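Scroll down for the structure; my scribbles are underneath it.
Just so you know, these numbers come straight off a predicted model, no measurement behind them.
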Amino acid sequence: MVAGWIIIFDMKTRIVIAGIVVIVLIAAGGVIFAWNARPRLVEIYPKAGAVNVPATTALRLVFSGEMNPETVSKHIQINPAIDGKFTWDQNVLTFTPTQAWPAGQEIKLSMLAGARSASWLAFPMGEESWSFKTNAAMLAYLWPSDGQADIYALIPDTGEIVRITNGMGVLDFSVSSNGILIFFSAGNSEGGTSLYKIDRADVGSSTGSSYQAQQIFNCGAAQCRNPVASFDSQYLAYEYIVQSTGGGSGPAQIWLFNLATEKTSPVGQENDETVQPSWSSKGMLAFYDVTKAVYEVVNTNTKVSILLANQTGQPGDWSPGGEYYLAPEISYYQAPDNTERGTSHLMRYDAANSQAQDISNSPDVEDTEAVYAPDGGAIAFARKFLDAAHWSLGRQLWVMKSDGSAAHAITDEADYNHYDLAWS
């Protein structure tokens with residue numbers, strides 16, 4: 001005979017047990033939901049392990065949902081430490097450094113455990129770490145000058161010289177605004193030129209001379225020259241020159257190549273000679289119309305353009321914010337001996353309404369070579385006085401505020417001519 005216990009629950013006890021079970025199940029479900037709802041990083045830019053990242057790149061973090069901004073900024077660690085600004089667009093956080101990342105270094109980043117989502121029904125985020133490496137500053141140039149040229153780059157910190165192209169006969173090149181893409185033109189087998197693209201990240205990861213530039217457009221027997229990429233690297237503007245029937249070259253015309261769709265189309269008046277493409281940071285394209293003696297500024301999205309009268313046609317410079325286009329212009333003034341003299345003044349063109357302002361602020365000077373400082377607050381330019389008391393053989397280096405005020409000389413070397421100015 002086996003002895004045992006028989007437990008009999010009454011209805012009230014059964015209800016209590018059922019309630020406890022329900023509560024436990026709800027609690028377990030809540031824990032599971034909170035665990036599954038914990039925030040995660042779903043995208044990081046620059047990607048983990050990326051190399052040759054431009055030193056001006058902003059950090060972008062995409063979370064799985066909206067976050068509590070304060071908890072996120074408190075849990076981000078950047079090594080080496082750098083100041084910057086955090087901005088949010090729903091679940092996307094952008095960190096924009098106030099200065100460039102250290103060049104040629106590994107940047108280590110961590111999201112420490114504890115960052116929380118906007119909802120309180122979620123566990124905090126776990127810890128994640130990653131890193132990327134910035135590119136070293138490089139000075140690109142063409143060499144040799146008396147034969148088929150290639151693109152080389154000098155790394156100033158180490159003195160190392162890197163060969164970018166190999167036996168391509170490069171005619172000219174430009175670098176994208178983020179410093180990572182190189183666009184150039186080189187001769188092809190049809191007697192014309194083609195346009196090519198180089199990604200510095202790909203060059204850095206290749207060995208020896210294994211890297212090959214990517215041909216993005218074959219111009220056939222035509223000449224495609226002076227390629228310049230828009231700030232977002234969506235478009236490439238270039239000069240397109242068709243061979244004339246007599247064997248020479250026809251007039252240059254500006255064309256646009258869409259790097260996403262690979263479609264190309266002309267810009268400007270069909271029968272006009274147009275040269276010198278130049279992009280603003282807002283995506284406006286400026287070029288010089290030789291036929292009409294005007295700069296044409298085109299909004300590539302709306303196709304609306306404005307004309308800026310200018311007889312000189314020398315290359316100009318966009319303000320960093322894209323509001324103004326700065327270029328020299330021929331002007332005339334009455335000298336003390338009652339003779340009319342021609343000179344060159346700096347004109348600041350408003351890209352919104354085409355109004356022009358003479359910012360040279362002196363009749364007896366010849367100003368050229370104007371370039372904006374990176375913050376837009378100053379302009380460097382070359383000046384030569386035309387009056388007998390101040391006249392010099394060469395143009396001197398001057399700096400002024402962006403509105404033309406506070407102009408002052410940096411050099412005083414009468415026999416030297418200063419040109420091709422550039423800011424760091």
Side-chain angles (χ1 to χ4, degrees), residues 137-146 149 151-154 156-157 159 172-175 177 179 226 228 275-281 286-288 295 308 310-321 323-333 335 341-349 356-424:
M138 301 178 78
L139 176 65
Y141 61 95
L142 291 178
W143 187 86
S145 61
D146 58 353
I151 301 175
Y152 290 77
L154 167 70
D157 290 342
D172 46 33
F173 74 93
S174 66
V175 182
S177 59
N226 195 18
V228 184
V275 294
Q276 300 169 7
S278 174
W279 292 95
S280 79
S281 58
F287 54 88
Y288 190 67
Y295 293 107
L308 312 174
N310 187 286
Q311 297 293 322
T312 308
Q314 293 185 12
D317 190 48
W318 281 101
S319 62
E323 302 91 349
Y324 301 104
Y325 189 69
L326 185 65
E329 167 67 312
I330 295 174
S331 60
Y332 298 91
Y333 73 102
R341 296 181 183 176
T343 184
S344 173
H345 282 191
L346 297 179
M347 305 299 294
R348 188 177 71 171
Y349 298 96
Q357 178 187 0
D358 185 341
I359 61 172
S360 286
N361 295 322
S362 180
D364 56 352
V365 295
E366 189 175 89
D367 293 343
T368 60
E369 306 283 342
V371 286
Y372 278 97
D375 64 0
I379 295 170
F381 62 102
R383 167 168 286 185
K384 177 179 179 179
F385 283 97
L386 299 178
D387 63 300
H390 302 93
W391 186 88
S392 64
L393 180 64
R395 296 189 179 99
Q396 300 306 304
L397 175 60
W398 282 62
V399 173
M400 62 181 169
K401 292 183 178 180
S402 59
D403 61 358
S405 63
H408 58 283
I410 300 298
T411 64
D412 184 17
E413 303 161 314
D415 294 336
Y416 290 89
N417 197 41
H418 297 78
Y419 59 97
D420 283 351
L421 315 180
W423 292 86
S424 71

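- In terms of the side chain to side chain donor-acceptor pair (under 3.5 Å) criterion, residue partners of E413 (sequence neighbours excluded) are, by chain and number, H418.
- Judged as a side chain to side chain contact (heavy atoms under 4.5 Å, CB included), and not counting sequence neighbours, the contacts of S177 are F231.
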Could you pull out all donor-acceptor pairs under 3.5 Å where a side-chain atom in residues 400-410 meets a protein atom, sequence neighbours excluded?
unit_1	atom_1	unit_2	atom_2	d
D403	OD1	S405	N	3.0
D403	OD1	S405	OG	2.7
H408	ND1	V399	O	3.2
H408	ND1	A406	O	2.9

Please assess W391 against F385 for the test side chain to side chain contact (heavy atoms under 4.5 Å, CB included), listing each intermediate value before the final yes or no.
CA-CA 5 Å; W391 186 88; F385 283 97; 5.5 Å; no
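- The nearest pair of heavy atoms linking W423 to V371 is NE1-O, 3.2 Å.
- Summarising the geometry, atom CE belonging to M347 is positioned 9.0 Å from atom CD1 belonging to I359; distances are rounded to the nearest 0.5 Å.
- Rounding to the nearest 0.5 Å places CZ of F381 at 11.0 Å from OG of S344.
- Between L397 and A380 the shortest heavy-atom distance is CD1-CB, 4.5 Å.
- Between the side chain of T411 and the main chain of Q396, no donor-acceptor pair closer than 3.5 Å is present.
- Listed by chain and number, the residues in a side chain to side chain donor-acceptor pair (under 3.5 Å) with N417 amount to none (sequence neighbours excluded).
- For the atom pair R348 CZ and D317 CG, the distance stands at 13.0 Å (nearest 0.5 Å).
- In this structure, the separation between CH2 on W279 and CZ on F287 is 10.0 Å, given to the nearest 0.5 Å.
- In terms of heavy-atom proximity, A327 sits nearest to G316 at CB-CA, 4.1 Å.
- In terms of modelled atom types and a separation under 3.5 Å, the side chain of Q276 and the main chain of G313 share a donor-acceptor contact.
- Among residue pairs with one or both ends in residues 373-389, those qualifying as side chain to side chain donor-acceptor pair (under 3.5 Å) are D367-R383, D387-H390; sequence neighbours excluded.
- Interatomic distance, I330 CD1 to T343 OG1, rounded to the nearest 0.5 Å: 9.5 Å.
- When all heavy atoms are compared, the tightest approach of A370 to I379 is CB-CG2, 3.9 Å.
- Applying the salt bridge (charged side-chain N to carboxylate O under 4.0 Å, His left out) criterion to D172, with sequence neighbours excluded, gives R225.
- For E369, the side chain to side chain contact (heavy atoms under 4.5 Å, CB included) partners are A382, Y419, D420, L421, not counting sequence neighbours.
- Looking only at distances, no side-chain donor or acceptor of S360 sits under 3.5 Å from a matching main-chain atom of S362.
- Not counting sequence neighbours, the partners of E329 by the side chain to side chain donor-acceptor pair (under 3.5 Å) test are T312.
- Legend: residues meeting side chain to side chain donor-acceptor pair (under 3.5 Å) with S281, ordered by chain and number and at least two apart, are absent.
- Applying the 6.0 Å contact sphere to OH of Y141 captures more than 12 heavy atoms from other residues, nucleotides or ligands.
- Counting only distance, with no hydrogens or angles, the side chain of N310 and the backbone of P328 share a donor-acceptor pair below 3.5 Å.
- Scored by the salt bridge (charged side-chain N to carboxylate O under 4.0 Å, His left out) test, E366 finds R395 as partners (sequence neighbours excluded).
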From CA spacing to verdict: side chain to side chain contact (heavy atoms under 4.5 Å, CB included), L142, I151
CA-CA 5 Å; L142 291 178; I151 301 175; 3.7 Å; yes
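- W143 pairs by the ring-ring contact (aromatic ring centres under 6.0 Å, His included) definition with Y152, not counting sequence neighbours.
- For A286, the side chain to side chain contact (heavy atoms under 4.5 Å, CB included) test picks out V297, W318, Y325, with sequence neighbours left out.
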